[in-house]
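Accompanying notes for the structure given below.
A, B, ... follow the sequence lines: proteins, then strands. Residue 1 opens every chain. Just so it is clear, the structure is predicted and the values come from calculations on it, not from any experiment.
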Amino acid sequence: MSGEITLPDTIEVITESAAQFVPELILTSGILVLICVGLLRRGKSLFSILSAIVFTASLTTILIHWPTDEVPRLLFFDMLKADSFSSYLKIIFDVSGLLTVWMSWSNHKLSQRHSEYFAILMAVVLGAHLLVMSVNFAMVFISLELISIGSYVLVGFAFSKKASEGSLKYFLFGSVSSAIMLYGMTMIYGLTGMMNFSTIDFAMQLINTRSSLLFIAALMTLGGFFFKVAATPFHPWAPDVYEAAPMPVVAFFSVVPKLAGIGILTRFILVLGVSGHSSYDWQTLISIVAMLSLTVGNFSALWQKNPKRLMAYSSIAQTGFLLTALSSFMDQGVQFMLFYASVYALVNFLVFIYLQYFESQGIHSLESFSGVGKTTLIPSVFILIGLIALTGLPPTAGFTSKLFVFSSLWESYQASGKSILLWLMVFGLLNTVISLFYYLRIPYFAFIKHGTFQVKTDFLRFENLLGLLLVLAILILFFNPGLLMGWINKINFVL
Amino acid sequence: MNIATFMFYFFVITAALTAILLLFTKNVLHGAFLLIITLLSLAGIYVLALAEFIAVAQILIYAGGILVVIIFAIMLTSKVSGKPLQLEHGNVINGMIVGGSFFLVLVFLISREEGLKVIPQSRLATINELGIALMTEYSLPFEVAGIVLLVSLIGASVFASTTPTRPD
Amino acid sequence: MQNLLLSFLLFTPLVAASIALFIPPGAAKGFRYITLTSNIIQLALLLMVIIGYHSRDGIQFIEKKSWITLDLGPWGVLQAEYFVGVDGLSLPMVILSVVIMLITTISSWTIDKNVKGYFLLLLILNSAIIGSFIALDFLLFYLCFEFMLLPMFFLIAIWGGPRREYASIKFFLYTLLGSIFILIVMIGLYISVHSPESPGRLVHSFNMLHMKDESNFISGTILDPHNVWNIGPFAARQWAFLLLFIGFAIKLPMVPFHTWLPDAHVEAPTPISVVLAALLLKLGGYGLLRIAYPIFPEAALYFGWFVGLMGVISIIYGGLNAMASHDLKRLIAYSSVSHMGFVLLGIASVTAEGIAGGVYQLFSHGILSGMLFLLAGVLYDRTHDRNIDNYSGLYRKMPSYTSMIIIAFFASMGLPGFSGFIAEIMVFLGAFKSGSINGILHESLAIISTSGLIIAATYYLWTLQRMFFGPFHIKGNHTGEVLVDLDRREYLMLLPLAAAAIVFGIYPQPMISVIDPFASDLAQFIMNARQSITINP
Amino acid sequence: MDAASAYTTGDSLTLTALALAIAFPLLSFIFSFMIPDKYSWVVSFIASFLVMLSTFSAATVFFRVWDGQPILLEWDWFAIGSQTIKASLLIDNLTVLMLLIVTLVSFLVHLYSTGYMAGDTDIRRYFAMLGFFTFSMLGIVVSGNLLLIFVFWELVGFSSYMLIGHWNEKPEAADAAKRAFIFNRVGDAGFIVGLMAIWTLHGTFSITELSRHSSDLPMASLAAFGIFCGVIGKSAQFPLYAWLPSAMQGPTPVSALIHAATMVAAGVFLLARVFFLLTPFMLIIITIIGCLTAIAGALAALVQFDIKRILAYSTVSQLGLMVTAIGAGSPSAAMLHLTTHAFFKACLFLCAGAVIHSLHQAGHQSHSELDVQDIRNLGGLRKKLPITFVAFVISGASLSGIPFSSGYLSKEAILESLITWSGSAPSWKWLVVTAAFITSFITVVYTFKMIWSIFFGDPRSNIITHTVEAPPVMRAPLFLLAAASVWVIVSFDPLHYAGWLQHGLQRVTPSHSYLLPALSAIWVLVAVFTAFQLRNRSFSSKLLHEAFYLDKAIEFIIERPSFQLSSMMIQFDKKWIDGTLHTAAYCQLIIAHFTGWVDRTLVDGITKVTADFVKEVGGFTRSFQKGNVQHYIFWAAFGIIIFIIWTLL
Amino acid sequence: MLQQLQPDLTEMFPTAHFLYLGALLFSIGLAIVIVKKNMIMVLLGIELMLNASVLNLVAFNSAHPESVTGQMFGLFVIVIAVCESAVGLAIVIQVHRYYQTSDPGEIKELTE
């Protein structure tokens with residue numbers, strides 16, 4: 001009861017929590033600083049640099065405050081949980097934030113309202129931070145909404161007709177999804193009496209309450225998460241939004257909100273996994289969603305002519321793979337999912353950086369990539385490597401991550417003997433074959449078709465340096481996945 | 001049946017009826033007003049469910065705030081287009097399938113839930129209590145909600161202040 | 001030095017490729033010579049390997065370095081190694097690869113479109129092929145196996161014929177599909193296998209030699225031989241074998257997974273057709289012998305008849321299709337399908353003769369199909385037309401070319417004195433013997449498959465009759481002038497292959513003495529496994 | 001008999017001679033190939049000279065080994081598993097006899113060819129292949145290992161292919177060459193089956209080792225049957241004899257060497273060599289097949305008009321007789337007939353060649369187009385070509401089995417062995433004997449008719465008047481071969497076959513009786529008389545002319561369907577295997593998508609995606625993504641409902 | 001007045017009755033979102049759905065009276081709903097400016 005907590009205790013809890021909360025505080029103050037500066041000054045570079053500084057600071061503090069405790073610390077009266085799992089994802093968010101800032105800086109289409117743009121970007125990252133740390137339904141809802149509202153606005157920053165349409169669709173779809181999720185959450189709260197879901201008590205409640213309503217409620221809650229990760233059937237917003245949004249925002253969307261969603265989904269699923277003995281087969285459900293996402297994403301992508309739409313469907317399919325890792329319902333699977341997510345983030349940014357580069361050269365459709373490979377070799381080769389990594393072929397980390405994902409699935413099948421997992425495995429791997437088609441289409445046009453388009457070749461671009469770093473990372477993580485896995489291994493998943 | 005019960009079911013029925021009407025009305029403005037009635041009925045229910053503060057917030061924020069804005073928006077959009085406030089219904093079958101199934105499933109499941117049929121013993125949460133909770137236990141969501149507000153304000157301003165120069 | 005020979009062999013092309021990367025694209029000659037140099041260095045290294053090889057010593061030139069070691073906590077350690085070596089199976093394949101790649105380079109001399117890209121891809125392809133033949137670690141094998149696809153895809157898709165896009169994608173689709181099947185089994189295997197080298201801990205190893213040993217399987221895992229895990233109609237190990245079989249059969253290719261082959265061959269540029277036919281197809285047979293059969297011996301025995309039957313079907317079906325082909329390259333492609341059927345039949349017999357014959361057929365077909373595609377390319381270079389019906393009486397215009405064609409055709413149809421005969425006769429002997437010594441294949445399979453010989457004779461001779469004999473005539477807007485006889489470069493490519501076909505046809509013992517220990521051991525191993533592992537009780 | 005004592009490794013002279021005998025033809029082959037184009041005229045002389053040397057070496061071997069201890073030489077060829085396949089040479093009486101026949105006939109044919117083929121543009125290839133053929137044939141003869149025999153067996157087929165198709169601009173020649181090889185190949189496939197069975201049964205291919213094993217398992221019959229299949233192919237037995245007449249498209253010397261004297265006889269030789277492998281059951285089959293062939297060949301020869309085709313069918317018929325003899329358990333009789341047949345049939349062919357050559361030359365001068373091989377166009381050549389005439393008559397007499405000819409004796413040997421085999425009790429075997437007698441009767445009739453049509457009567461064409469005798473280099477072989485068609489070649493007793501040759505082959509002297517020779521002689525004379533009566537009647541029977549339509553039958557039953565099958569298969573491949581794979585799984589989808597995409601983007605036109613299935617899925621996908629956000633929401637909510645209902649059910 | 005009524009009130013209404021209303025509102029909201037051809041009506045539908053949740057929260061809080069969790073959550077939901085509708089209305093007006101229509105079904109430039 002709140003009344004029993006004395007004021008000094010409360011303050012102590014808050015100050016203690018705040019010590020673990022430095023990155024988020026930095027981001028918050030960053031938002032405020034950006035807005036205040038925005039009242040006085042204009043200019044993209046200034047805000048880019050400011051945001052870069054904020055993200056770097058946040059990143060540094062995450063690394064400094066890397067949680068080493070065996071038992072994760074709960075912050076702000078059990079609202080948040082500061083564990084290594086969330087810290088790891090937060091690193092991905094901040095790195096992605098940095099990359100997005102850089103992409104935004106070099107994007108010529110983002111020409112106005114920079115302070116607001118970067119502030120909202122930062123707010124979304126903050127939301128992602130909070131979301132992956134949340135263990136309380138209220139907190140989940142609020143941080144999810146922070147991400148969502150920020151995202152609705154970010155789409156509109158292209159200030160075009162299509163952008164407004166994208167915002168609208170995203171908004172309508174997102175609001176309905178979060179309403180459904182919220183309804184589910186309230187039901188769970190009502191039936192268990194608990195808002196904090198990441199506890200053993202909650203898991204026991206799930207096991208003991210043999211209520212269909214609870215299951216439906218959880219299902220509706222998952223619906224909201226599925227919306228965030230763009231999993232089928234909550235995916236249709238993705239292609240439209242990706243097409244409408246500016247390129248840096250697309251890149252950002254394909255990583256940060258998605259991985260934040262995956263993060264909270266993981267927490268939720270880990271609880272469901274503990275209650276694996278309940279009469280409802282969550283594993284099958286997640287597997288089916290994964291299968292659907294893989295299928296819908298891959299098959300629809302075959303039709304696309306617009307690179308952004310293509311990447312949207314690709315991201316849906318990649319969600320399928322992330323869910324595949326989760327559907328193993330094992331700690332191992334989550335670790336591998338994290339590996340997959342990290343690689344996915346790197347690769348996706350690699351691809352989007354070059355898509356933006358090509359877009360700036362006037363290439364907006366797949367056909368216009370024709371012959372680009374001859375004039376701009378390095379960007380074409382790098383984008384090829386990125387797409388191969390997305391397909392999951394060696395020698396890229398994309399392969400390693402798929403290998404890991406399916407390993408955990410196999411392991412899970414071995415442990416449970418559920419044939420749905422076997423099907424998922426076969427399905428997922430065969431989908432890899434399909435995905436090859438559309439992933440290879442950009443290189444196909446670039447290298448094989450002849451085009452008249454003359455793009456000026458300039459090797460010494462910052463894109464190429466950054467691209468080179470990402471490519472190296474992708475290759476190195478194939479030859480030595482231990483660099484990352486060693487780190488991920490230290491993450492524990494205690495409830 | 002005492003007055004509270006009567007009031008409760010009165011509000012329930014009003015809310016339900018207005019919601020149903022809302023579904024069927026073809027006039028946007030009527031819809032907005034119907035929603036106001038629904039929300040006010042809900043506020044009444046909250047009061048009867050011993051959640052006074054929520055009720056107040058409901059009346060203040062929704063009925064007083066949002067709906068006024070909505071009515072402004074209705075005026076604004078219909079003025080630009082010059083069309084009457086009538087609207088069509090589309091996807092009726094889709095809507096009926098989804099809405100109907102959700103309703104049936106939920107009602108069916110809720111009715112099967114024995115725990116929900118007992119009449120709970122409840123108590124009134126004072127505003128004082130809520131205030132303390134807001135500053136202690138719920139300090140973080142409170143702060144974050146502030147940021148959400150900030151973001152949505154900025155966002156709304158971004159949208160509102162840009163005028164379409166050329167439709168592309 | 002002795003210990004690093006294979007690594008040198010593997011990395012020479014990569015080093016050459018990285019040097020070539022820094023040469024400006026204009027210097028077309030530079031790339032040719034760098035590639036050639038790399039091939040010649042490889043040849044020298046290969047000679048050293050051959051000299052140092054002792055046929056009875058099993059796997060040699062072993063190099064084992066740790067590559068990926070991932071400690072995954074309670075789940076154990078994931079361990080992949082850089083583990084290479086050669087034995088009686090891989091040495092012939094490595095020899096073939098080095099030689100064919102050298103000839104491919106010579107054949108590529110006339111490529112003048114985007115030379116830099118071409119030779120870079122060729123060098124990468126070279127490494128990948130060598131790598132997959134010497135890898136003893138499943139992950140390393142898979143890496144190389146997959147890594148062949150992309151260079152191949154681009155080589156077909158950029159430098160290929162009119163329908164190259166379709167062909168290259170089809171090639172990629174099928175092969176990737178196959179490798180996905182292999183991937184599934186690879187995942188299952190490494191999870192089920194622990195390395196006996198570090199007894200204290202649970203080390204999941206990709207080592208193929210560990211996978212062979214049934215005692216290395218973690219008990220209770222899906223692929224544990226002592227634990228029958230049924231999925232549908234078959235046990236998990238049988239499924240695994242089937243998946244591997246299909247995966248490699250696609251590469252081989254076996255009917256009905258062969259349709260990528262004619263298209264890819266027809267559309268690929270000549271040197272790439274050569275690599276495709278002479279080396280890439282070999283990976284199918286190699287994979288079956290290196291992975292599918294040793295690791296799942298009891299399943300291999302269970303499906304032995306099926307493998308053999310598919311072999312026979314491929315032999316006959318491929319032959320009949322070749323007969324009806326009007327495109328010279330397509331004909332050769334279908335004949336490859338037919339010839340690879342012999343490999344399947346030989347392997348399925350699980351006799352020393354059959355397996356040795358299968359390996360010998362791989363080697364021999366490498367030489368012969370290389371030669372055939374080079375010859376088809378010679379004609380294509382001159383007229384840009386491969387339609388058999390458009391030619392007649394070429395003998396008058398190109399007698400040396402015709403002689404080469406006759407040698408290649410007769411060698412390919414298994415005329416004694418050429419390497420193909422030795423291979424086929426061993427396959428036949430093994431396949432027939434199998435019925436009475438281990439009962440896997442019925443004698444009738446071997447008997448039926450001999451009709452493949454007749455069919456081969458029919459389509460080759462018919463082609464000879466149509467294209468080369470009869471009065472001279474050529475359709476299309478070509479005059480006879482373009483039909484000049486072979487030049488020196490072409491002789492340089494063709495004569496070594498012809499000589500090899502004859503030498504290995506007359507005196508097969510050096511090669512067989514390399515293959516035979518492997519074949520005998522494998523046959524023995526599989527038959528022993530029958531006693532120790534029983535499935536489907 | 002102990003293996004060690006039964007065979008020697010030979011002395012150095014013998015071995016050197018043997019090596020030379022085999023090596024010279026190979027040398028000739030290599031030389032003929034290597035020599036530059038402008039010196040091609042020397043080829044014919046060098047090749048003939050080399051083969052002559054080979055003949056001398058063979059003769060040396062013959063005289064040193066005949067009736068001596070057989071020689072066995074073995075080397076390791078290759079080893080599979082625990083078994084080693086050895087390359088071995090087995091030199092016994094059979095071998096040396098064949099060695100001599102082959103080299104001698106080959107030499108004579110070489111010599112003859114220098115005249116016959118003079119001026120041919122591809123003379124290098126001709127002599128090269130002739131040399132290669134001789135080498136391969138010698139290979140068959142000396143090999144002591146069935147696998148090695150098979151190797152040379154096929155190589156012989158290859159050189160035969162090359163030689164039949166020598167004039168490959170002629171479409172018929174190319175076709176005939178192909179047919180010959182494929183028919184042989186059919187037999188060889190059977191041979192391989194035999195080899196497989198032998199390997200499975202005995203684990204060795206060595207003839208000397210096999211002769212010590214015996215087995216009456218079904219597998220042994222299969223082995224024998226397989227080998228006999230090879231013989232059927234190579235020796236043109238029923239039902240695969242059709243290739244031999246069409247092989248006459250090759251140059252005539254080639255027909256003489258390959259399709260009369262040596263290669264086709266290799267089958268008989270092989271049966272004699274592996275006689276111990278033939279099971280009783282197989283012997284019956286062999287007899288029946290041989291008998292059928294003999295009758296069919298003779299009947300077909302009766303109605304032919306092409307001089308070479310008559311000879312070809314006659315060869316078929318004679319080979320049938322030899323095979324019958326083998327079936328009757330008398331390989332020595334068969335070998336005897338093989339020997340005599342080699343000489344007289346070679347002689348007949350070369351004579352026919354001389355006639356053709358002369359008429360051809362004459363035809364060139366008078367610019368007349370005449371089918372010089374059709375006996376209806378000939379006649380009265382006796383005066384123009386006296387030497388040819390004499391040689392033809394002598395060898396013809398030998399073929400007919402006129403007393404004092406070699407053919408008389410060898411045919412007598414066969415008939416006697418048949419009578420002995422058939423026994424006294426009536427059985428189906430008597431039919432075989434009767435058939436043999438009828439065959440010999442018909443043989444006489446067609447031989448006589450042929451001689452009469454060519455050499456007697458009035459010239460039926462004006463070019464005959466311009467005809468002159470062939471050059472000496474062509475006449476000499478005729479002369480020598482005609483000389484070899486008299487009785488001494490078999491036995492010094494002109495009335496009984498059991499002479500030195502028979503002794504050397506069988507080492508058992510058969511019972512001496514003059515009853516059969518006398519009977520045979522009378523039979524032949526009756527035949528000659530009949531033939532004289534019928535000399536101007538021409539038999540015409542479509543059935544016989546086409547040799548019982550076997551050729552057509554094979555074409556209809558095997559060739560056409562197999563071609564149809566193959567074109568069906570390729571349609572199947574295109575439509576179904578590709579198609580089914582595509583349809584079966586989503587592969588279809590991808591390919592269709594992909595082709596659709598390729599066509600849309602690459603080919604300018606608009607392509608409709610073929611499969612309806614794809615359309616449906618495509619429509620479904622589009623309905624999902626029509627841009628209407630309310631639809632999106634509906635689908636999402638609907639998805640949840642589906643999940644809910646699925647879990648609740 | 002409420003203090004006086006309280007003893008009676010607490011035993012009057014089963015939670016299920018709240019929930020029935022909540023389910024109705026939720027379903028109607030969802031149906032409105034799908035059916036109405038006016039963006040603002042769609043927004044109203046969403047509000048209805050959110051209100052269903054608030055109603056649930058309030059109802060459940062009275063079932064779990066030991067804390068004010070449900071009410072607090074309800075409060076936050078209302079706040080967030082405000083934020084959402086603010087942004088939503090801004091977007092709607094922006095879209096309306098571009099497209100000159102309020103029918104979400106007609107706003108489909110972004111499509112296949």
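Surrounding CH2 of A:Trp66 are more than 12 heavy atoms belonging to other residues, nucleotides or ligands, all under 6.0 Å away.
Heavy-atom distances place no part of C:Phe145 under 4.5 Å from chain A, backbone and side chain included. Heavy atoms of C:Trp229 lying under 4.5 Å from chain A belong exclusively to its side chain. Heavy-atom distances place no part of C:Leu243 under 4.5 Å from chain A, backbone and side chain included. For A:Leu436, the part lying near chain C is the side chain, with the backbone staying farther off; criterion is any non-hydrogen pair under 4.5 Å. C:Leu70 touches chain A through its side chain: at least one heavy atom from C-beta onward sits under 4.5 Å away, while N, CA, C and O do not. Heavy atoms of C:Leu150 lying under 4.5 Å from chain A belong exclusively to its side chain. In this structure, chain A has a heavy atom under 4.5 Å from the side chain of C:Ser192, while its backbone stays farther away. Contacts between A:Leu409 and chain C at a heavy-atom distance below 4.5 Å are absent for every atom of the residue.
The shortest non-hydrogen separation linking C:Phe147 to A:Pro395 is CE1-CD, 3.2 Å. Of all non-hydrogen atoms in C:Ile68 and A:Phe479, the two that sit nearest each other are CG1-O, 3.6 Å. The shortest non-hydrogen separation linking C:Phe172 to A:Leu440 is CE1-CD1, 3.5 Å.
Among the candidates A:Leu403, A:Thr391, A:Thr400, the residue making the largest number of heavy-atom pairs closer than 4.5 Å to chain C is A:Leu403. Contact count against chain A (heavy-atom pairs under 4.5 Å) is highest for C:Glu146 among C:Glu146, C:His204, C:Met186, C:Arg164. Per-residue counts of heavy-atom pairs under 4.5 Å with chain A were compared for C:Ile158, C:Leu78, C:Leu139, C:Thr69; the largest is that of C:Ile158.
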### Query
Should C:Leu143 and A:Phe478 be marked as a side-chain contact (heavy atoms from CB on, under 4.5 Å) after you check the CA-CA gap, both sets of side-chain angles, and the distance that decides it?
CA-CA 10 Å; C:Leu143 163 69; A:Phe478 171 76; 3.4 Å; yes
### ring pair (Phe, Tyr, Trp, His ring centres under 6.0 Å) evaluation trace for A:Trp410 with C:Tyr190
CA-CA 11 Å; A:Trp410 181 286; C:Tyr190 94 86; 9.4 Å; no
### Message
If you apply the rule side-chain contact (heavy atoms from CB on, under 4.5 Å), what do you find for A:Tyr413 with C:Ile231, and how did you get there?
### Response
CA-CA 12 Å; A:Tyr413 169 64; C:Ile231 304 171; 3.3 Å; yes
### Query
Going through the distances and angles, do A:Phe447 and C:Asn114 end up as a side-chain contact (heavy atoms from CB on, under 4.5 Å)?
CA-CA 11 Å; A:Phe447 289 105; C:Asn114 198 352; over 6 Å; no
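You'll find the side chain of C:Leu176 reaches within 4.5 Å of the side chain of A:Leu393, heavy atoms only.
Between A:Phe399 and C:Tyr142, the ring-plane angle classifies as parallel under the 30° and 60° cut-offs.
A side-chain contact (heavy atoms from CB on, under 4.5 Å) with A:Phe406 holds for exactly one of C:Ile184, C:Ile187, C:Ile191; it is C:Ile187.
Here C:Leu183 contributes atom CG and A:Met425 contributes atom CE; the two are 7.0 Å apart, rounded to the nearest 0.5 Å.
Of the possible donor and acceptor atoms, none in the side chain of A:Gln414 sits under 3.5 Å from a partner among the backbone N and O of C:Thr221.
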